[in-house]
There are 2 protein chains.
Amino acid sequence: MAAAESSYKDKKVITIGIVRELTGLSERQIRYYEERKLIFPDRTPGGSRKYSFSDIELLMEIANKIEDGVQTYEIRQEMIREKRAMDKKTHHKMIQGQLNAQFGIQKR
Amino acid sequence: MAAAESSYKDKKVITIGIVRELTGLSERQIRYYEERKLIFPDRTPGGSRKYSFSDIELLMEIANKIEDGVQTYEIRQEMIREKRAMDKKTHHKMIQGQLNAQFGIQKR
DNA sequence: TTTTATGTGTAAGGTTTTCTAACACAACTG
DNA sequence: CAGTTGTGTTAGAAAACCTTACACATAAAA
């Protein structure tokens, strides 16, 4: 049963400096992956980025793929494919909201 | 089995502004409760405070008690008592590390 | 009832953190 | 070769934090 799960994992509350520390990536890299639409932090009213633990995990996966020579464009395609696959099959699962938020209709 | 549990809940990665937002408390209050030794954030190398989700929960409990007229001093006593009770009984449990870190020997 | 302690607000001045934009460049890719 | 990718770095500005201090209404203690 266990309902929606407020889960800390997906709450966007971590600033980029901490993310840098936790992932070992440079802020430049983190922002660049956002530019390439691989990651979608929230923002404070003032404009500072806020990430979740999920985002951090995702960033580390991205970093691995990049190291393996995979390009951001390809990574994005994979992610979109994965999301679609999940939409069809597991139609109401946890990660759902996560990915939906990221690849859904970007409210410009 | 399930070992130590890296758990996001206790990782100190949230800055005070976000804590303010999540708890509804003012930064002044949050810092004051620290001064009264009710909460123990980590610090970045630069000196900014970092809190965990546990800290946030704790802060909300504190806020409730304060509203009920309980003084910070009493709250602290309660917390110390609770910690001791747990030390005796549940001798190696999750929350352990959490509380220990907070009420253990403060390395001045 | 004076005196002291508690809990918060607010202001000042100073650092740290973050942001965007731009230039540079090596290593690919087409 | 011309264009793209992924990062570093710099520069200037804005946001977020920090500490210290003064004020003050309440509440607790002497």
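A, B, ... follow the sequence lines: proteins, then strands. Residue 1 opens every chain.
Here dT5(D) presents its P atom at 16 Å from CD1 of Ile62(A), a figure rounded to the nearest Å. The distance from atom NZ of Lys50(A) to atom C1' of dC19(C) is 16 Å, rounded to the nearest whole Å. Between Tyr73(A) atom OH and dG30(C) atom C1' there is a gap of 14 Å when expressed in whole angstrom units. The separation between Lys37(B) atom NZ and dA5(C) atom P is 16 Å, rounded to whole Å. Rounded to an integer number of Å, the gap from CD1 of Ile18(A) to P of dT17(C) is 9 Å. The separation between Arg49(A) atom CZ and dA15(D) atom P is 14 Å, rounded to whole Å. Here dG6(D) presents its C1' atom at 17 Å from CD1 of Ile39(A), a figure rounded to the nearest Å. For the pair Lys65(B) NZ and dG7(C) C1', the interatomic distance rounds to 17 Å; values are reported in whole Å.
Each of Ile16(A), Val13(A), Thr44(A) was checked for a side chain to side chain contact (heavy atoms under 4.5 Å, CB included) with Lys50(A), and the lone residue meeting it is Thr44(A). Tested against Tyr32(A) for a side chain to side chain donor-acceptor pair (under 3.5 Å), the candidates Glu34(A), Arg28(A), Gln29(A), Arg36(A) yield a single pass: Arg36(A).
Of the listed nucleotides (dG6(D), dT20(C), dT17(C)), dT17(C) has the atom at the smallest distance from the side chain of Thr44(B). Checked against dT6(C), dC18(D), dT20(C), the side chain of Ser48(B) finds its nearest nucleotide in dC18(D).
Between Tyr8(A) and Phe53(B), the gap from one ring centroid to the other is short of 6.0 Å.
Judged purely by atom type and a 3.5 angstrom limit, Thr23(A) has no side-chain atom pairing as donor or acceptor with the backbone of Ile56(A).
Sequence order on DNA chain C of the closest nucleotides to Gln71(A) and Thr15(B) puts Thr15(B) first from the 5' end.
Looking at heavy-atom distances under 4.0 Å, Arg36(A) makes contact with sugar-phosphate atoms alone, never a base. At a threshold of 4.0 angstrom between heavy atoms, the contacts of Arg20(B) with the nucleic acid are absent.
Put simply, Ile62(A) and Val70(A) are part of the same group of oily side chains (I, L, V, M, F, W, Y) that touch within less than 4.5 Å, one to the next.
For the residue pair Asp10(B)/Ser52(B), the side-chain donor-acceptor check at 3.5 Å is not satisfied.
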Show each protein N/O and nucleotides 8-11 of chain C N/O combination with a separation under 3.5 Å, one pair to a line.
from: dT8(C); atom 1: OP1; to: Gln29(B); atom 2: NE2; distance (Å): 3.4
from: dT8(C); atom 1: OP1; to: Tyr33(B); atom 2: OH; distance (Å): 3.4
from: dT8(C); atom 1: OP2; to: Tyr33(B); atom 2: OH; distance (Å): 2.7
from: dT8(C); atom 1: O5'; to: Gln29(B); atom 2: NE2; distance (Å): 3.2
from: dT8(C); atom 1: O4; to: Arg28(B); atom 2: NH2; distance (Å): 3.0
from: dG9(C); atom 1: OP2; to: Ser26(B); atom 2: OG; distance (Å): 2.6
from: dG9(C); atom 1: N7; to: Arg28(B); atom 2: NE; distance (Å): 3.2
from: dG9(C); atom 1: O6; to: Arg28(B); atom 2: NH2; distance (Å): 2.9
from: dT10(C); atom 1: O4; to: Arg28(B); atom 2: NE; distance (Å): 3.2

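Between Asp55(B) and Lys12(B) there is a salt bridge, since a side-chain N of the basic residue sits under 4.0 Å from a carboxylate O of the acidic one.
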